[in-house]
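What follows is a set of notes on a single structure, which appears directly below.
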Amino acid sequence: MLRQALRVGNVQLARGYATATSAKAPITLFGIDGKYATALFQAAASRNALTAVESDLASIEGQLARDARLGELFGSPLLNRAAKEKLIASLDKKSEITTNFFKTLLENNRMGETKAIIGAYKALMEAHRGIVSVVVTSAVRLGGKDLKQVKDNLTRGGLIKDFKEVNVVNKVNPSIVGGMVVEFGDYTIDMSVSSRLAKLDKLLTDSIAV
């Protein structure tokens, strides 16, 4: 049942950056943030600069946390290229790879994705170190016993393998009504009540339409 709920998409490297490299990402990530983070990871790995880039991104993340307006300016369509280049120059970074990467984000109009890309790069570095993070979203906070059961089911079922450590994080979202949504790497297992209700609603709507 769990395997039938998996949704897998295709992934491509960020266009114009790190497209020619033999370094392989430890996990597959999707979405704009996943594609760019993977491209950055591959570029850094090919130059033995994974931790240097990680340090740069941690510093930049700290800057964004201290100055919320900085993140807003990254994605602002009102800010011209020259102004955004000055923002890039002001970032806490040392690696040339990081600098070039942000120039690529600017060229591709993806500066607004910075926070999400940093989060995706973190996930790649965790996987690189043999750690996989599993996010369990539930309507109410789950206890340690429930989270352990989720972890055991995933490891015993073979969905998570080749990792030294599994880190389970519980997020609360009342809108799913009940059940849970489990996310890790490129997998999403949706066992929420809201998902089932949506499927039932669609089935009824389609039946009435016919």
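Just so it is clear, the values below take in all heavy atoms, side chains as well, and ignore hydrogens, waters and symmetry mates.
Residues Val134 and Leu142 fall within the same hydrophobic cluster, defined by Ile, Leu, Val, Met, Phe, Trp and Tyr side chains chained together at heavy-atom separations under 4.5 Å. Val136 and Ile176 sit in two unconnected hydrophobic clusters of ILVMFWY residues. Membership requires side-chain heavy atoms under 4.5 Å apart, directly or through other members. Side-chain heavy atoms closer than 4.5 Å link hydrophobic residues (I, L, V, M, F, W, Y) into clusters, and following such links, even through other members, never connects Val181 to Val166. Tracing side-chain contacts under 4.5 Å through hydrophobic residues (I, L, V, M, F, W, Y), one reaches Met180 starting from Phe184; they form part of the same cluster. Taken together through direct or relayed side-chain contacts under 4.5 Å among Ile, Leu, Val, Met, Phe, Trp and Tyr, Leu29 and Ile131 form parts of separate hydrophobic clusters.
For residues 121-140, every residue pair satisfying the side chain to side chain donor-acceptor pair (under 3.5 Å) rule, not counting sequence neighbours, is listed here: Glu54-Arg129, Glu61-Lys122, Glu126-Ser133, Ser138-Asn170.
Across Ile97 and Arg47, no two heavy atoms sit closer than the pair CD1-CD, 3.3 Å. In plain terms, the two heavy atoms of Lys84 and Phe74 that are nearest each other are NZ-O, 3.3 Å. Shortest non-hydrogen contact noted between Val172 and Ala139 is CG1-O, 3.4 Å. Annotation for Ser175 and Ser194: closest pair O-CB, 3.6 Å, computed over non-hydrogen atoms. Pairing each heavy atom of Ala123 with each of Ile27, the nearest pair is O-CD1, 4.0 Å. Of all non-hydrogen atoms in Gln42 and Lys24, the two that sit nearest each other are NE2-CA, 4.3 Å.
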Check your understanding: Which is it for Tyr36 and Glu113 under the side-chain contact (heavy atoms from CB on, under 4.5 Å) test, yes or no, and what are the steps along the way?
Key -> CA-CA 9 Å; Tyr36 277 86; Glu113 306 288 339; over 6 Å; no

Practice item. Applying side-chain contact (heavy atoms from CB on, under 4.5 Å), run through Ile118 and Thr114 and close with a yes or a no. Key: CA-CA 6 Å; Ile118 291 175; Thr114 296; 3.9 Å; yes

Review point. Stepwise, does the side-chain contact (heavy atoms from CB on, under 4.5 Å) test hold for Lys148 with Val168?
Key: CA-CA 8 Å; Lys148 184 178 183 303; Val168 181; over 6 Å; no

Practice item. Go through the steps to decide whether Asp92 and Ser59 satisfy the test side chain to side chain donor-acceptor pair (under 3.5 Å), and finish with yes or no. Key: CA-CA 6 Å; Asp92 290 336; Ser59 295; 5.3 Å; no

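Here Asn100 contributes atom CG and Leu105 contributes atom CG; the two are 11.0 Å apart, rounded to the nearest 0.5 Å. Rounded to the nearest 0.5 angstrom, Leu70 CG and Ser90 OG are separated by 6.0 Å. From Leu57, atom CG reaches atom CE of Met125 across 9.5 Å, with rounding to the nearest 0.5 Å. The distance from atom CG of Asn80 to atom CD of Glu85, rounded to the nearest 0.5 Å, is 9.0 Å.
For Arg69, the CZ atom sits in a loose shell: 12 or fewer heavy atoms of surrounding residues, nucleotides or ligands are nearer than 6.0 Å. Surrounding CG of Asn167 are more than 12 heavy atoms belonging to other residues, nucleotides or ligands, all under 6.0 Å away.
The shortest distance between side-chain heavy atoms of Phe101 and Ile117 falls below 4.5 Å.
With hydrogens and angles ignored, the 3.5 Å screen pairs a side-chain donor or acceptor of Thr38 with a backbone N or O of Gly34. Of the possible polar contacts, none joining the Asp67 side chain to the Gln63 backbone as a donor-acceptor pair under 3.5 Å is found.
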